[in-house]
Amino acid sequence: MNLIEDIPIENPELEEILSGFTKSTHLLNETINDLVKVIIIKDNPSMQKEEVSLKEVFENVFSQLSFQIELHKPIIKLKFERVPLLNTNKAYIESILLNLLTNSIKYKSENRKLKISIIAEQIDNKAILTFKDNGIGIDLERNRDKVFGLYQRFHNYPDSKGLGLYLVKSQVETMGGTISIESEVNKGTTFTITFKN
């Protein structure tokens, strides 16, 4: 398709057909890349775990989202004193928190200031991460079974592909953890992630 771009095309009908082919090819390429990401996660029994500082992970996530954070200025509350270190895969935990924070910013309410709280607690041998926002929420009565599904979308946002929460769940489970969601339309969403620690 890239090679064809350099060839002058006189026929407007052919030009329209080729333009459609180009769009379809790019979308198919994106889909294949998405599925490759999923397969890499699912097929990773030798995943390395290490002692990870949650504070450090969040500093990395914030620097990656610095533009959006500067633009929307959410109020973010972090409490990691009880679990300063987590025995986990650094790349995965960063990806999980990046996805959840991106979603909170993307699906914030227009009627109120965005508030996000991220709290880590240790109960017995389990670390529990609670990620809460006051955004537009998801109707769980209609969508509870689909929330973590592949290519599931609950809001008509043009750049939403319905991949983020599927990747989050896959990464959490690959690390031996569990994730659950509570949400109310126009009130907000809470994700609870539990790991052995």
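Being a predicted model, the structure only gives us computed values, none of them experimental.
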Might you point out which heavy atoms bring Ser183 and Gly137 nearest each other, and give the distance in Å? OG-CA, 3.4 Å
Under the 3.5 angstrom rule, does the side chain of Ser19 hit a backbone N or O of Glu15 as a donor-acceptor pair? no
Any side-chain heavy atom of Tyr107 within less than 4.5 Å of one from Thr189? no
Looking at Gln48, Glu56, Glu50, Glu51, which one forms a side chain to side chain donor-acceptor pair (under 3.5 Å) with Lys90? Glu56
Single hit among Leu86, Leu85, Ile128, Thr88 for side-chain contact (heavy atoms from CB on, under 4.5 Å) with Asn197: Leu86
When you measure from the side chain of Asp124 to the backbone N and O of Lys126, does any donor-acceptor pair fall under 3.5 Å? no
Single-linkage hydrophobic cluster Leu98~Phe67, side-chain heavy atoms < 4.5 angstrom: no
Passes side-chain contact (heavy atoms from CB on, under 4.5 Å), Leu140 versus Ile138? Steps please. CA-CA 6 Å; Leu140 290 183; Ile138 297 169; 4.2 Å; yes
Taking atom CD1 of Ile76 and atom CD1 of Ile105, what is their separation to the nearest 0.5 Å? 6.0 Å
Main chain of Thr178, side chain of Lys169: is a donor-acceptor contact present, judged purely on distance under 3.5 Å? no
Applying side-chain contact (heavy atoms from CB on, under 4.5 Å), run through Lys77 and Ile118 and close with a yes or a no. CA-CA 6 Å; Lys77 182 177 115 183; Ile118 304 145; over 6 Å; no
Please examine the side chains of Ile4 and Thr22, heavy atoms only from C-beta on, and report whether any two atoms are closer than 4.5 Å. no
Compare every heavy atom of Ile136 with every heavy atom of Ser109, then report the nearest pair and how far apart it is. CA-CG2, 3.9 Å
In Å and rounded to the nearest 0.5 Å, what is the NZ to CG distance from Lys132 to Asn134? 9.0 Å
Taken to the nearest 0.5 Å, the spacing of Leu129 CG from Phe80 CZ works out to 7.0 Å
Any link between Val83 and Val52 through a network of hydrophobic side chains (Ile, Leu, Val, Met, Phe, Trp, Tyr) touching at under 4.5 Å? yes
Over 12 non-hydrogen atoms of neighbours within 6.0 angstrom of NZ in Lys113: yes
Short side-chain donor-acceptor distance under 3.5 Å, Ser95 and Gln171: yes
Nearest 0.5 angstrom please: Leu101 CG to Phe62 CZ, how far? 6.0 Å
With no hydrogens and no angle check, is any side-chain donor or acceptor of Arg82 less than 3.5 Å from a backbone partner on Ile123? no
Would you say the side chain of Val57 lies within less than 4.5 Å of the side chain of Lys55, judging by non-hydrogen atoms? no
Please evaluate residues Ile193 and Phe131 with respect to the criterion side-chain contact (heavy atoms from CB on, under 4.5 Å), reporting the C-alpha separation (whole Å), side-chain torsions for both, the decisive distance (0.1 Å), and the verdict. CA-CA 8 Å; Ile193 302 172; Phe131 193 107; 5.9 Å; no
Is Lys187 reaching over with its side chain to a backbone N or O of Glu184, donor-acceptor style, under 3.5 angstrom? no
So, for Asp6 and Pro8, which heavy atoms are closest and what is the spacing to 0.1 Å? O-CD, 3.7 Å
Would you say Ile119 ends up clustered with Leu78 if hydrophobic residues are merged whenever their side chains have heavy atoms under 4.5 Å apart, either directly or through other cluster members? no
Which atom names give the shortest non-hydrogen contact between Phe195 and Ile93, and what distance separates them? CE1-CD1, 3.8 Å
Does Val172 form a side-chain contact (heavy atoms from CB on, under 4.5 Å) with Ile96? I'd like the steps, not just the answer. CA-CA 8 Å; Val172 168; Ile96 288 163; 3.6 Å; yes
If you round to the nearest 0.5 Å, how far is OG of Ser63 from CZ of Phe58? 12.5 Å
Quick one: NZ on Lys108 to CD1 on Ile116, what's the gap to the nearest 0.5 Å? 10.5 Å
Within a radius of less than 6.0 Å around CD of Gln64, do more than 12 heavy atoms belonging to other residues, nucleotides or ligands occur? yes
